[in-house]
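Taking it in order: structure first as structure tokens, then the write-up.
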Amino acid sequence: MAGGRTTDWLLLTPLARLGDAGLLALRCVTGAFLVYQSHDNIFSTARMDEFVKFLAQFNFVWPELMAPLSVWWQFIAGIGFVLGLLTRWLGLVTAFNFTVAVWMVHWPQDFPGWWPALILVFLGGLFATVGPGRYAIDAWIAGRRTDDRHRGEEVAAW
């Protein structure tokens, strides 16, 4: 018993109980960042035009299409992360979007220049693989499906 307590203390295993709260906090701050960095391009034609020119400068194909597509996906993903809605799908989209950003824009920069986009690649991957945690609309939907399946089994058993 004492060995288990030592291991728990050494590995801080009791903190695992806060994992869902940690995912909620990470989703919220990531979502807020994505909304913050994309909202001005959505609500201002001039800012969107600047972003189109920025993408053209880095030789993106169809910058007039890619700019709004990227910005809207970031905005939608940000809202989705905060709500915990479609988290895995939005994680994939975020990882893809920022992988393209690293490749097309940040590649010639030093590592600190890569960092903001690169961390969003990995956050997107984390949300896609781990999911949103318990405090999310996705978890509520999954719980409803489980409840519905159990109700169906009870009805079938009658």
Side-chain angles (χ1 to χ4, degrees), residues 1-44 47-48 50-51 54-55 60 65-107 109-154:
M1 189 69 115
R5 288 185 186 146
T6 302
T7 304
D8 284 348
W9 181 85
L10 180 64
L11 300 177
L12 297 176
T13 53
L15 288 178
R17 290 181 287 213
L18 300 175
D20 289 314
L23 278 171
L24 173 63
L26 189 59
R27 282 192 354 255
C28 286
V29 75
T30 302
F33 177 76
L34 288 171
V35 168
Y36 173 78
Q37 84 170 16
S38 61
H39 81 282
D40 59 339
N41 291 338
I42 288 174
F43 299 117
S44 167
R47 292 287 292 156
M48 183 64 80
E50 287 176 26
F51 191 52
F54 176 81
L55 293 185
F60 276 78
L65 173 67
M66 293 298 132
L69 188 64
S70 174
V71 166
W72 273 102
W73 272 114
Q74 289 177 54
F75 190 76
I76 290 166
I79 293 168
F81 287 154
V82 169
L83 298 174
L85 179 63
L86 303 175
T87 308
R88 291 181 192 272
W89 282 106
L90 295 173
L92 288 175
V93 170
T94 300
F96 176 78
N97 190 57
F98 285 97
T99 296
V100 171
V102 168
W103 180 262
M104 296 289 294
V105 176
H106 302 290
W107 196 258
Q109 298 174 345
D110 59 2
F111 187 69
W114 287 38
W115 184 254
L118 188 62
I119 202 67
L120 285 163
V121 169
F122 287 98
L123 286 170
L126 177 72
F127 295 142
T129 56
V130 173
R134 182 184 332 167
Y135 307 117
I137 292 174
D138 289 345
W140 179 78
I141 292 169
R144 295 275 305 181
R145 279 189 41 227
T146 302
D147 290 347
D148 291 345
R149 268 191 244 131
H150 290 305
R151 272 195 288 277
E153 290 169 5
E154 290 168 5

Evaluate the side-chain proximity of Trp73 to Asn97: yes if any heavy-atom separation is below 4.5 Å, no if none is.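 Of all side-chain heavy-atom pairs linking Trp73 with Asn97, none is under 4.5 Å.
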Are any of the side-chain heavy atoms of Leu118 and His106 separated by less than 4.5 Å?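 Side chain of Leu118 against side chain of His106, heavy atoms only: no contact under 4.5 Å found.
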To the closest 0.5 Å, what do you measure between [atom1] ([X]) and [atom2] ([Y])?
| X | Y | atom1 | atom2 | answer |
| --- | --- | --- | --- | --- |
| Ile76 | Leu34 | CD1 | CG | 11.5 Å |
| Arg27 | Leu85 | CZ | CG | 10.0 Å |
| Phe54 | Glu50 | CZ | CD | 11.0 Å |
| Gln74 | Leu69 | CD | CG | 10.0 Å |
| Phe43 | Phe75 | CZ | CZ | 4.5 Å |

When you measure from the side chain of [X] to the backbone of [Y], do you find a donor-acceptor pair of N or O atoms at a distance under 3.5 Å?
| X | Y | value |
| --- | --- | --- |
| Trp114 | Gln109 | yes |
| Asp138 | Thr87 | yes |
| Thr129 | Leu126 | yes |
| Ser70 | Met66 | no |

Checking side-chain contact (heavy atoms from CB on, under 4.5 Å) for the pair Tyr135/Leu23: CA distance, chi angles, key distance, verdict? CA-CA 8 Å; Tyr135 307 117; Leu23 278 171; over 6 Å; no
Could I get the full list of salt bridge (Lys or Arg N to Asp or Glu O under 4.0 Å) partners for Arg134, not counting sequence neighbours?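 Asp20.
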Atom of [X], atom of [Y] and distance for their closest heavy-atom approach:
| X | Y | value |
| --- | --- | --- |
| Arg88 | Val130 | NH2-O, 3.4 Å |
| Val121 | Phe98 | CG2-C, 3.4 Å |
| Gly125 | Ala95 | N-CB, 4.0 Å |

Do Val29 and Phe33 pass the side-chain contact (heavy atoms from CB on, under 4.5 Å) test, and can you show the C-alpha distance, the side-chain angles, and the key distance before you say yes or no? CA-CA 6 Å; Val29 75; Phe33 177 76; 5.9 Å; no
Decide side-chain contact (heavy atoms from CB on, under 4.5 Å) for Thr94 and Phe127; before the verdict, give the C-alpha distance in whole Å, the side-chain angles of both, and the deciding distance to 0.1 Å. CA-CA 9 Å; Thr94 300; Phe127 295 142; over 6 Å; no
Taking side chain to side chain contact (heavy atoms under 4.5 Å, CB included) as the criterion, tell me which of Leu24, Thr30, Leu26 meets it with Cys28.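 Exactly one option meets the side chain to side chain contact (heavy atoms under 4.5 Å, CB included) with Cys28, and it is Leu24.
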